[in-house]
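Notes follow the structure.
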Amino acid sequence: MKKIAVLAGDGIGPEVVAEALKALRAINKKHAIGFTFEHKLIGSCAIDATGDPLPADTVECCLSSDAVLLGAVGHPRFDSDPAAKVRPEQGLLKIRKALGLYANIRPIKSYKALYGVSPLKESLIVGVDFVVFRELTGGIYFGEKGRRSGGSEAFDLCAYSAEEVERIARLAFAAAQKRRKHLTLVDKANVLETSRLWRDIVSKASKDFPDVQLDCMFVDNAAMKIVQQPAFFDVVLTENMFGDILTDEASAITGSIGMLPSASVGSKVALFEPIHGSFPEGAGKGIANPMAAILSAAMMLEHFGYLTAAQEVRAAVELALEEGVATSEINRDKPASTGEVGDFIAGNI
Ligand code: IPM
Ligand code: MN
C-alpha cells in the first residue's frame, strides 16, 4: 500500500497531474501496488478557497503520506502586484520547508526524437545526460528579507550552514558514484562568502568519495558551458537560486521544459513535480505536455524501489516521442492533446 498526496495546484497543474495519475493507475493495475490518492489544495486555488496558499490540512496529509505528487503553482494576478501579501509560491516554499526537502534532483536528458526541436545543434546535444542537485531549503530563498530606509531599500540575505551544505553534498557524491563519477560544484566563490563555505565543505566531503572526480566552476561560466558543451556534465551540485536558474536554462537543451521531471528529497516524505510552472495561458486548452509530470511519477516509482515499473513508464514516454504522440511544442504538424498523450502512455504501460 502506498498513499500518495496529490497537490495538483494551479494553471496546467491539474491537467498534467491527471495524466500522471493515469500512468500510475496503469502501473497499479499491472503490479498490484495498492496506490491510494488523496487530493489537497496548494497555491492560488488554495488562496481562493481558504486564504492560505498552504492550508494546514494539506501539510498534514503530505506528512501522513508515502509521497507527494505536485503539479504547479502560480497565477498571473499575483505576479504584477508587488504589494500582494499572500502569494501562491509561498505555498511551494512552505511545503518544501515543512517536508524538509533539502535536495531537489533534476535530471537533464536529451531525447533523440527531440533533437530537431532543440535550439542547440544536434552535435552538441547527443548524449547529454546529467543531473542537477539543487539545494532547496536554504540560501537567498529563505534568508531574512525586507525593506529599510523607509522602504526605498530592499534586501534578501543568502545564508548557509555547513550542515546544510554537507547533507546535499553527500547525496550528490553518492549519486555520482552510481553514474560517471564526475561532480561539478557550481558557485560564485570569487565573490560570495557562502560559496566559499560550499567549496570548503564539499572539498572535505569529497575525501569520502575518492572515486568521484570533483571540479568547481563559477556559475557564470557554468551557464555558458551548459549551452556550449552540455555533455561535459554528469552531476551538478549547487545552491538554491543558481540551481533554479541553471535548470531552466538546461531544460532548453531537451527542446521542451515540458519534458523535465524532478524529485525533492530530505528528512521526511519525498515530493515529485515537473520543473515547469503553471503556464496559465495554456490552462484548460489541452495543450500542456504531461510528460514531465508522468516522468516525475516514474521518479516516484524509482524512489519506492519499483525499478521495473519506473522503467515501464519511461519506455512508454519514449515510445510516445518516437511515434510523434506529443503536444504542439514537440509535434508542430500533428500535435496530440494533453489527454491523448496521457492515454497513449498509460495504454502502453
Ligand atoms: C521552481 C520554481 C519555483 C522556484 C518558484 C515557483 C517559487 O521556479 O520550482 O523551479 O523558484 O523554486
Ligand atoms: Mn524554477
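Below, all heavy atoms of this structure are taken into account, side chains as well, without hydrogens, waters or symmetry copies. As the structure lists them, so they are numbered: ligands from 1, and atoms in each ligand from 1.
In terms of polar-atom proximity, defined here as any N/O pair under 3.5 Å, Arg134 does make such a contact with ligand 1. At least one N or O atom of Arg96, backbone or side chain, sits closer than 3.5 Å to an N or O atom of ligand 1.
Annotation: Arg148, atom CZ; neighbour count of heavy atoms from other residues, nucleotides and ligands within 6.0 Å is above 12.
A salt bridge is absent between Lys188 and Glu239; no separation between the charged side-chain nitrogens and carboxylate oxygens falls under 4.0 Å. Contact check on Asp200 versus Arg196 returns no salt bridge, with no Lys/Arg side-chain nitrogen under 4.0 Å from an Asp/Glu carboxylate oxygen. Between Glu166 and Arg170, at least one side-chain N (NZ, or NE/NH1/NH2) sits under 4.0 Å from a carboxylate O, which counts as a salt bridge.
Closest protein heavy atom to atom 1 (C) of ligand 1: Arg106 NH2, 3.4 Å. If you check which protein heavy atom lies closest to atom 7 (C) of ligand 1, you get Glu89 CG, 3.8 Å. Scanning all protein heavy atoms for the shortest distance to atom 2 (C) of ligand 1 gives Asp244 OD1, 4.1 Å.
Heavy-atom distances between Gln90 and ligand 1 stay at or above 4.0 Å for every pair.
Taking every heavy atom of Tyr141 and a limit of under 4.0 angstrom, the matching atoms of ligand 1 come to 4 (C), 11 (O), 12 (O).
Checked against the Mn ion (ligand 2), the N, O or S atom of Asp244 at the shortest distance is OD1.
Contact detail for Asn28 and Phe35: the closest heavy-atom pair is OD1-N, 3.1 Å.
Cation-pi check for Arg134 over Tyr141 is met; the charged atom lies under 6.0 angstrom from the ring centroid and within 45 degrees of its normal.
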